[in-house]
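Positions are given from 1, in the same order as the sequence printed here.
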Amino acid sequence: MPFSTWTLLLVLSAVFALRKLTRTQSRASIVRHGEEKVLILGASSGIGREIAHQYAARGAKVCVVGRRIDKVTAVVDECKERSPTADCSLGIPADITIVEDMVRVRTVLEKKWAGIDTVIVAAGVSATRPLLEVAGVSTQQNADASKEGIQFAVDAAKVAMRNNYLGPMIAAISFIPVLKRTSKLPSILLISSLGAVIPAPTRSIYGSTKSASLLLYQALAIEHPSVRFSFVLPSSVEGDFRASAVDQSPLDIQPTQTIPKPNSTPGLRVTDVGKRCINAVDHSEKVVFMPSTMKLGHMLYWIWPSFIAKKAMQKYGFTPE
């Protein structure tokens, strides 16, 4: 890269460091940990579950929301075991993509807690195959996708869009007004993905739907300046999130990559991601990359895209046609 490019990267790195040193006042001075009322959407597993555990351990009131009542109940029990306060946790089985469910959650929280301080949007689904492969065409073929294959890809994208974009949108519309009405310093954290800002092979559906919700919330942050918005963009996280993949095609196409078993997915430690999310809310950080070096990767994509594309292919074991 030319010298001027390196100079730009160094200057931007210095700007990020300066912003970190001049963070706003800790939110805990206004919303005390033991009084904070936290709603976690998608708290029955993964990062959302871990965030629920950590908030409960420091004394916050935690509302656990997830689709399955058995998992919601289990997480509520886990939170109560960790909390120094009795009856600190509340569980509500609900689907973030269903308007009636989110209105019901809001009604319950206004009745039981008289409002909320913090909303964590952790719900979502994954998609892990190249787009044409989802439609039944391998990347080594030049054959046309069938009508059935195209329809399957469309249906998979609709499911991803409903969970990764429409769900967060419904949540924002449902809870921003009550946050502003009832909290001294309202905050919303969206758990997005590194794939939302750095394109990657086999993540075309996933990355594009996560990118849509990220941009939505970034726009909402401008429309509602009294609400502190935070966006956490992790790379791969350990756990079974890939088991939620909505693009597993019934068509007879061999994957172009080796996909780890759901329970053996390597990546960032979920405890570290949960801790970093809470810290971002506490200090009103706007955008958090995990690992932090990936903020340079994001900038580098616009300067040297071929380099980032090569690294992305290596990471996902992808061989183009």
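Phe175 and Val178 make their closest contact through O-CG1, 3.2 Å (heavy atoms, listed as atom of the first residue, atom of the second, distance). Residue Ile191 comes nearest to Ala122 through the heavy atom pair CD1-CB, 3.6 Å, listed as atom of the first residue, atom of the second, then distance. For Cys88 against Ala60, the heavy-atom pair with the smallest separation is CB-O, 3.9 Å.
Every residue was checked against the salt bridge (charged side-chain N to carboxylate O under 4.0 Å, His left out) condition with Glu81, not counting sequence neighbours, and none meets it. Remark: Thr73 engages no residue in a side chain to side chain donor-acceptor pair (under 3.5 Å) (not counting sequence neighbours). For Leu220, the side-chain contact (heavy atoms from CB on, under 4.5 Å) partners two or more places apart in sequence, or in a different chain, are Ala172, Ile176, Leu216, Tyr217, Glu223, His224, Phe229. Applying the side-chain contact (heavy atoms from CB on, under 4.5 Å) rule to Lys80 yields the partners Val76, Ser89; only residues at least two apart in sequence or on another chain are considered. Judged as a side chain to side chain donor-acceptor pair (under 3.5 Å), and not counting sequence neighbours, Lys275 has no contacts. Among residues two or more places apart in sequence or in another chain, the salt bridge (charged side-chain N to carboxylate O under 4.0 Å, His left out) test is passed with Glu50 by none. Applying the salt bridge (charged side-chain N to carboxylate O under 4.0 Å, His left out) test to Arg32 and every residue at least two apart in sequence or in another chain returns nothing.
A salt bridge does not link Lys71 with Glu78: every distance from a Lys NZ or Arg NE/NH1/NH2 to an Asp or Glu carboxylate oxygen is 4.0 Å or more.
Listed by first and then second residue, the salt bridge (charged side-chain N to carboxylate O under 4.0 Å, His left out) pairs involving residues 171-197 are Glu110-Arg181 (not counting sequence neighbours). Residue pairs satisfying the salt bridge (charged side-chain N to carboxylate O under 4.0 Å, His left out) criterion with at least one member in residues 118-127, sequence neighbours excluded, are absent. Residue pairs meeting the side chain to side chain donor-acceptor pair (under 3.5 Å) criterion with at least one partner in residues 164-178, sequence neighbours excluded, are Asn164-Thr209. Every pair passing salt bridge (charged side-chain N to carboxylate O under 4.0 Å, His left out) that includes a residue from residues 58-69 is listed here, sequence neighbours excluded: Glu36-Arg58, Arg58-Asp282, Arg67-Asp95, Arg68-Asp70.
Between the side chains of Ser284 and Arg228, a donor-acceptor pair is found at a separation under 3.5 Å. With 3.5 Å as the limit, one finds no donor-acceptor pair spanning the side chains of Arg203 and Thr128.
By the 6.0 Å contact criterion, CG on Asp155 is enclosed, its count of non-hydrogen atoms from other residues, nucleotides or ligands being greater than 12.
By the 4.5 Å side-chain criterion applied to Ile, Leu, Val, Met, Phe, Trp and Tyr, Val159 is assigned to a cluster that also includes Val125, Val246.
If you run salt bridge (charged side-chain N to carboxylate O under 4.0 Å, His left out) between Glu285 and each of Arg27, Arg276, Lys295, only Arg276 comes through.
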